[in-house]
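Quick note on labels: first sequence line is chain A, next is B, and so on, each numbered from 1. Everything quoted here is computed from the prediction, not taken from an experiment.
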Number of protein chains: 2
Amino acid sequence: MLTERQLLILKAIIDDYITHAEPVGSRSVSKREDMSYSPATIRNEMSDLEELGFLEKPHSSAGRIPSQKGYRYYVDHLLSPQKLSKKDKSGIQSVFQERFSEIEEVIQQSAKILSNLTSYTSIVLGPEVFESTLKQLQIIPISNEAAVAIIVTDTGHVENQTVAIPEGLNTHDLEKVVNIINERLKGVPLVHLRHKLTTEIGKVLEKYIDQYDLMLSLLNRTFISHQNEKVFFGGKTNILAQPEFHNVERVRELFNIFEENALISKLFRAEDQGLTIKIGQENRFEPFDECTVITATYAIDGKHMGTVGILGPTRMEYPRVVGIMDYMAKDLSKLLTNRYNK
Amino acid sequence: MLTERQLLILKAIIDDYITHAEPVGSRSVSKREDMSYSPATIRNEMSDLEELGFLEKPHSSAGRIPSQKGYRYYVDHLLSPQKLSKKDKSGIQSVFQERFSEIEEVIQQSAKILSNLTSYTSIVLGPEVFESTLKQLQIIPISNEAAVAIIVTDTGHVENQTVAIPEGLNTHDLEKVVNIINERLKGVPLVHLRHKLTTEIGKVLEKYIDQYDLMLSLLNRTFISHQNEKVFFGGKTNILAQPEFHNVERVRELFNIFEENALISKLFRAEDQGLTIKIGQENRFEPFDECTVITATYAIDGKHMGTVGILGPTRMEYPRVVGIMDYMAKDLSKLLTNRYNK
DNA sequence: ATTTAGCACTCGACGTAAGAGAGTGCTAAC
DNA sequence: GTTAGCACTCTCTTACGTCGAGTGCTAAAT
């Protein structure tokens, strides 16, 4: 268990390192306003903190930097989220209230605000599709061989996919089927569509439609793979301003990762409701060993929808970011609930 | 006018610099197989070429590097496009033939191939919307206040936009209007839609519809601003492997530019049909002063559609890239014409 | 028993100097 | 016209010395 004084010193060192990105020496800690001990005393405590694993030394004659364990302790016990300034709050509000827009635009905007406010990179996972339900299906033939299938969800989101028309399919029947689907499957979550196709309305279709097999194969392809979440970035290049990324090889690696939506989605998907902080190796992903990922979930009317996330160096301005994220997630939830849940 | 020998030497130097990215000295030029002159002779010629502005020296005791003028001359007079290897060709073909897909997927794939083959960054501008025409319009109310407008084009592309429903608008009328539009404006290029709305069918609408003004405002918003081209990237990070970008500040600048689709679109939009090469400052854009942009246009059935482009260092493998681009643009045109022009 | 002053020591950062190496430009010989 | 030879130039690398921030230990002060 750490003593009161150790806590004070640990917090001082981390706060200092967060802002200056340089190893913190005993002298500069001692000089702080709320610090009434001499450098020598601090040195002794620092030595202890190092032995306990909360601090480390880049080399023997440098100051200390927080270890991953140090950050973890800081986050768990010493962190007090910063209240947002009125300016920040009104900044968020104003962007949201700008105009009526599709849910994805709102999300995209959120990512942008988040990165602007934090000056880190923000990553927002769009509403998870399995929560949204079918509003309307359209299949529009483009040529003799292809058609565009359009799915509109209750949130106003539009998915579209080009599908080949199986040879010999009667387009008249296709229309009929689309109508049946629109009548009977409205309100069904997208992820269940494929399943319902065979269970719920399978019999109906078989009765009305000659080429049931052909039709099914077409519809299956229409409903396939809408499970991939959209990923929205804000301030992709913000993180390059951090000294941690002053080497092009790393940058390259990072941006390659950014291109892999599936990976990003996996890394940022929140496991729990609420705010999560993953520091360094807690991300279980080697290129992020010196990064912290903070995620928060947003919801529509209490139903979990997606995740807003921030990627920054482990040396992140935790108080500020946590404050912002918290506010943001709640505000976003409120907004989305108001707009799309009536 | 340059002598035969000067041409030979200029070409040798540029070829060498392109592959090794280091100033080329007289000795290494002299050692080339096809070079039968001593370093001293070469030095004299190099000196002349420098005076003529085709070469420059990073410093007085280094070898020469090509100047922008040097590259320009090389490209205009010395360049012989590389024939693609069978492997490369079949690589391209196989990706294209993979499966039936929407035009945008084809374009995206093209960008990917292009960057893989060249190991530079590729940027492909999607089909310009003004060429594509209306296939079908749908307006689907989502709530009492909002609707999704969906425009399907003849190429199978889907545009969608959320619009607010003006207060007091009769949704029954809306349906009627959509029907009228689908009957009368099918085949009209998207960019003309707004115009036709008031001219062609204005009178019809006025006759049938009470709230003509409200309706018009909604439709206007539906048809607005589809002129922004989509931009597809391939190998965004490829260019970071170039020594020219071994400094993070530059990388940051570049990636910021990448985020600005409008700017990219402007920079890469081809002015003429066919292949264009812009070297360094010819791009008229300071961050690209040490980059070359090569663009080629693709077409459907002869109608200009969009641009494929490559961004690399001025020290680019011109023969290879030009060969690839040429093949690619033609192949893409052929493919698109076959698929979407029947 | 704590705390602190003092001091030797460590180690990276920075600046300077020396040497190597690649390349040039000029001159004179071929 | 071409080329060998050579002095010269400039960068790059390495080595070395110095500076300064910071530590850890010891002994004195509280």
Rounded interatomic separation in angstrom, taking [atom1] from [X] and [atom2] from [N]:
X	N	atom1	atom2	answer
B:Asn44	C:dT27	CG	P	12 Å
A:Asp48	D:dC25	CG	P	11 Å
A:Met46	D:dC25	CE	P	14 Å
A:His59	C:dC9	NE2	C1'	14 Å
A:Ile42	D:dG24	CD1	P	13 Å
A:Glu45	D:dG24	CD	C1'	15 Å
B:Glu50	C:dT24	CD	P	10 Å
B:Ile65	D:dT11	CD1	P	14 Å

Looking only at N and O atoms, is any donor in the side chain of A:Ser38 or the base of C:dT4 less than 3.5 Å from an acceptor on the other one?
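Result: no qualifying N/O pair found.
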
Taking atom types as they are modelled, would you say the side chain of A:Arg27 forms a donor-acceptor pair with the base of D:dG22 within the 3.5 Å cutoff?
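No.
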
Assess the pair A:Phe258 and A:Phe255: is the distance between their ring centroids shorter than 6.0 Å?
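Yes, ring centres under 6.0 Å apart.
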
Between A:Arg5 and B:Lys57, just flag the one whose closest nucleotide in DNA chain C comes earlier from the 5' side.
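Residue closer to the 5' terminus by nearest nucleotide: A:Arg5.
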
So how far is it from B:Leu49 CG to B:Lys69 NZ, rounded to the nearest 0.5 Å?
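The CG atom of B:Leu49 sits 10.0 Å away from the NZ atom of B:Lys69.
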
Calculate, to the nearest 0.5 Å, the distance between atoms CG and OH belonging to A:Leu114 and A:Tyr120 respectively.
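One gets 12.0 Å once the value is rounded to the nearest 0.5 Å.
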
Starting the side chain at C-beta, find the nucleotide from C:dT4, D:dA21, D:dT2 nearest to A:Tyr37.
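For A:Tyr37, the side-chain atoms sit closest to C:dT4.
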
Where the side chain of B:Ser47 is defined as all heavy atoms beyond and including C-beta, which of C:dG25, D:dA21, D:dT9 is the nearest nucleotide?
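So the side chain of B:Ser47 is nearest to C:dG25.
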
Do the side-chain N or O atoms of [X] get closer than 4.0 angstrom to the phosphate oxygens (OP1, OP2) of [N]?
X	N	result
B:Ser26	C:dT24	yes
B:Thr41	D:dT3	yes
B:Arg64	C:dA22	no

Return whichever of A:Ser28 or B:Arg43 has its heavy-atom-nearest nucleotide of DNA chain D closer to the 5' end.
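Checking each residue's closest nucleotide, the 5'-ward one belongs to B:Arg43.
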
Using a strict cut-off of less than 4.0 Å between a Lys/Arg side-chain nitrogen and an Asp/Glu carboxylate oxygen, indicate whether B:Lys11 and B:Asp34 qualify as a salt bridge.
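Judged by the 4.0 Å cut-off on N to carboxylate O distance, B:Lys11 and B:Asp34 do not form a salt bridge.
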
Carboxylate-amine/guanidinium contact A:Arg5 A:Asp48, below 4.0 Å
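The answer is no: the pair does not qualify as a salt bridge.
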
So B:Ala40, base contact, sugar-phosphate only, or nothing? Heavy-atom distance under 4.0 Å.
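The residue B:Ala40 makes base contact.
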
Using a cut-off of 4.0 Å on non-hydrogen atoms, how would the nucleic acid contact of B:Ser60 be classed: base, sugar-phosphate, or nothing?
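It contacts sugar-phosphate atoms only.
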
